[in-house]
Amino acid sequence: IPRIGGIAVIIGFLVASVYLIIQGVIEKNLVLNDESQYGKKLIGFLIGIILIGTFAYIDDIKNLRPWQKLIVQVVAAVIVYGFGIKIDTINDSVISPILSFILTVGWIVGITNAINLIDGLDGLSSGITLISSLSLLIIFATNNSPLISIIFISALSGSIIGFMPFNIFPAKTFLGDVGAQFLGFTLSIVAILGVAKTVTMVVLIAPILVLGLPIFDTLYAIFRRIKTGKSIKAIFKPDKGHLHHILMRQGFTQKQAVALLYAASAILGMLAIILIDEGIVKAIS
């Protein structure tokens, strides 16, 4: 079974994004060189995708060490930050450059790894990314988010929809690290772009809630590995303690485990949409 199917997702995303951006510029709905500096940000985003994609492809072929992959992810996040894609405002208050750098790089690297780590069953990471993308699309479209974020999240959703029939159980191809890391990296970037105009705390919480399942799985993995291995180095050692492993040990089939995790991700996505539209009380109730 081919293990680099993620390359098709990347190509689909790039082709759709370029077409939609050109169309937006021609129709004058999208300006790349105004005060938002989207042209500069697009260059940084593209460099990050090339860097992540190239080294993830090498990892799929030759198996890079975890610390090597982490360094590449950090470098890609720093490049993106340097080109202007950053979390720099919360509740209309500008935060310090140091805090902005830490939050931005931490968010990008964290989500990139979260999607990669949850890629353990046929169609799991691609399906959860699709559910998260559609949830963010609804949030962006109804919350006066920048057009560029809607373009990217639509292109990402479309590329995953085209790939899903070949990735669900029984899979004919796998995302591989090249696909899973791309999905996480892109989701993290689009989430930052999507809240650029509306930076209240509630809006910032929405992407975290949408991506709550892979975020929880990653944090739980870090805690579990440190506790078991008694050292920070243990974080990089793979194990069989992820959510999908737990469900299958409980007797669920691969299809059932994936369906349950899809449902959990969808519930979190709906909660985020309600949170934005109706407020925290409605979301909880």
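Keep in mind that what you see is a predicted model, and the values were worked out from it rather than measured. Just so you know, these numbers use all the heavy atoms, side chains as well, and skip hydrogens, waters and symmetry mates.
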| Heavy-atom distance under 4.5 Å between the side chains of Thr253 and Phe169, does that happen here? | no

| Minimum-distance pair of heavy atoms, taken over all atoms of Ala257 and Leu247 | O-CD1, 3.8 Å

| task | Using a cut-off of 6.0 Å, state whether more than 12 heavy atoms not belonging to Arg3 lie near its atom CZ. | result | no

| task | Count the heavy atoms belonging to other residues, nucleotides or ligands that lie under 6.0 Å from CZ of Phe163, then report whether that count exceeds 12. | result | yes

| query | Any chain of hydrophobic side-chain contacts (each under 4.5 Å) joining Val25 to Tyr38? | reply | yes

| said: Under the criterion side-chain contact (heavy atoms from CB on, under 4.5 Å), I'd like the reasoning laid out for Ser125 against Asn116: C-alpha separation, chi angles, the key distance, then a yes or no. | reply: CA-CA 7 Å; Ser125 62; Asn116 192 34; over 6 Å; no

| task | Evaluate the side-chain contact (heavy atoms from CB on, under 4.5 Å) criterion for residues Leu121 and Met248: first the C-alpha distance (whole Å), next the side-chain angles of each, then the deciding distance (0.1 Å), finally the verdict. | result | CA-CA 10 Å; Leu121 297 177; Met248 294 190 71; 3.5 Å; yes

| message | For a side-chain contact (heavy atoms from CB on, under 4.5 Å) check, start with the C-alpha distance between Val72 and Gln68, then their side-chain angles and the critical distance, and finish with the verdict. | response | CA-CA 6 Å; Val72 173; Gln68 293 174 319; 5.9 Å; no

| task | Heavy atoms only: give me the nearest Gly5-Thr173 pair and the separation to one decimal. | result | CA-OG1, 3.6 Å

| request: Mark yes or no for whether Arg249, through its side chain, and Lys240, through its backbone, hold a donor-acceptor pair below 3.5 Å. | output: yes

| task | Taking the side chain as every heavy atom from C-beta outward, state whether Leu14 and Ile49 have any atom pair closer than 4.5 Å. | result | yes

| task | Using the ring-ring contact (aromatic ring centres under 6.0 Å, His included) rule, collect all pairs that involve residues 240-269, keeping only residues at least two apart or in two chains. | result | His242-His244, His242-His245

| Atom of Ile246, atom of Gly241 and distance for their closest heavy-atom approach | CD1-O, 3.6 Å

| task | Check Ser159 against Gly12 and note the closest heavy-atom contact, atom names and distance. | result | CB-C, 4.0 Å

| query | Does a salt bridge link Lys69 with Asp177, judged by any charged N lying under 4.0 Å from a carboxylate O? | reply | yes

| task | Answer whether the closest heavy-atom distance between the side chains of Val75 and Leu51 falls below 4.5 Å. | result | yes

| From Leu46 atom CG to Ser17 atom OG, the distance as rounded to the nearest 0.5 Å | 10.0 Å

| Any donor-acceptor pair under 3.5 Å linking the side chain of Lys41 with the backbone of Leu193? | no

| field | CD1-CG distance between Ile131 and Leu136, expressed to the nearest 0.5 angstrom | value | 12.0 Å

| query | Taking the side chain from Thr228 and the backbone from Arg224, do they hold a donor-acceptor pair closer than 3.5 Å? | reply | yes

| field | Joint cluster assignment, Ile22 & Leu30, ILVMFWY side-chain distance < 4.5 Å | value | no

| task | May I ask you to test the Leu211-Trp107 pair for a side-chain heavy-atom distance under 4.5 Å? | result | yes

| message | Testing the 3.5 Å rule here: is there a donor-acceptor pair between the side chains of Ser100 and Asp88? | response | no

| request: Would you check if Leu42 and Ile148 make a side-chain contact, meaning some heavy-atom pair closer than 4.5 Å? | output: yes

| field | Nearest-0.5 Å distance, OG1 of residue Thr218 to CG of residue Leu117 | value | 5.0 Å

| query | Hey, are the side chains of Ile115 and Gln181 touching, using non-hydrogen atoms and a 4.5 Å cut-off? | reply | no

| query | Would you find a donor on one side and an acceptor on the other, under 3.5 Å apart, between the side chain of Asp122 and the backbone of Pro170? | reply | no

| request: Would you name the heavy atoms of Ile150 and Ser145 that are closest together and state the gap between them? | output: CD1-O, 4.2 Å

| said: For the backbone of Lys86 and the side chain of Thr104, can you confirm whether one donor and one acceptor N or O come within less than 3.5 Å of each other? | reply: no

| message | Is there a continuous path of hydrophobic side-chain contacts, each under 4.5 Å between heavy atoms, that joins Val78 to Trp67? | response | no

| query | Hey, are the side chains of Ile160 and Leu183 touching, using non-hydrogen atoms and a 4.5 Å cut-off? | reply | yes

| message | Measuring from atom CG of Leu213 to atom CG of Leu268, what distance do you get when rounded to the nearest 0.5 angstrom? | response | 6.5 Å

| said: Within this structure, what is the CD1-OG distance for the pair Ile111 and Ser188, rounded to the nearest 0.5 Å? | reply: 7.0 Å

| request: Could you list all the ring-ring contact (aromatic ring centres under 6.0 Å, His included) pairs where at least one residue sits in residues 173-192, not counting sequence neighbours? | output: Phe13-Phe182

| remark: Residue set satisfying side chain to side chain contact (heavy atoms under 4.5 Å, CB included) with Tyr19, at least two apart, ordered chain then number -> Gln23

| Main-chain N/O of Gly176 paired to Asp60 side chain as donor or acceptor, under 3.5 Å | no

| query | side-chain contact (heavy atoms from CB on, under 4.5 Å) between Val190 and Leu156: does it pass, once the steps are laid out? | reply | CA-CA 10 Å; Val190 176; Leu156 185 63; 5.5 Å; no

| task | Determine the minimum heavy-atom distance between Pro146 and Gly194, stating which atoms define it. | result | CD-O, 3.8 Å

| said: Under the side-chain contact (heavy atoms from CB on, under 4.5 Å) test against Ile118, which residue among Thr129, Leu124, Asn113 passes? | reply: Leu124

| message | Please determine whether residues Ile128 and Met270 belong to a single hydrophobic cluster, defined as Ile, Leu, Val, Met, Phe, Trp and Tyr linked transitively by side-chain heavy-atom distances below 4.5 Å. | response | yes

| field | Side chain to side chain, Thr54 and Val178, heavy atoms closer than 4.5 Å | value | no

| message | Suppose we call two aromatic rings close when their centres sit under 6.0 Å apart. Are Tyr81 and Phe101 close by that rule? | response | yes

| task | Any chance you could measure Ile7, atom CD1, to Leu175, atom CG, to the nearest 0.5 Å? | result | 11.0 Å

| said: Please tell me whether Ile208 and Leu219 are part of a single hydrophobic cluster in this structure, the criterion being side-chain heavy atoms less than 4.5 Å apart. | reply: yes

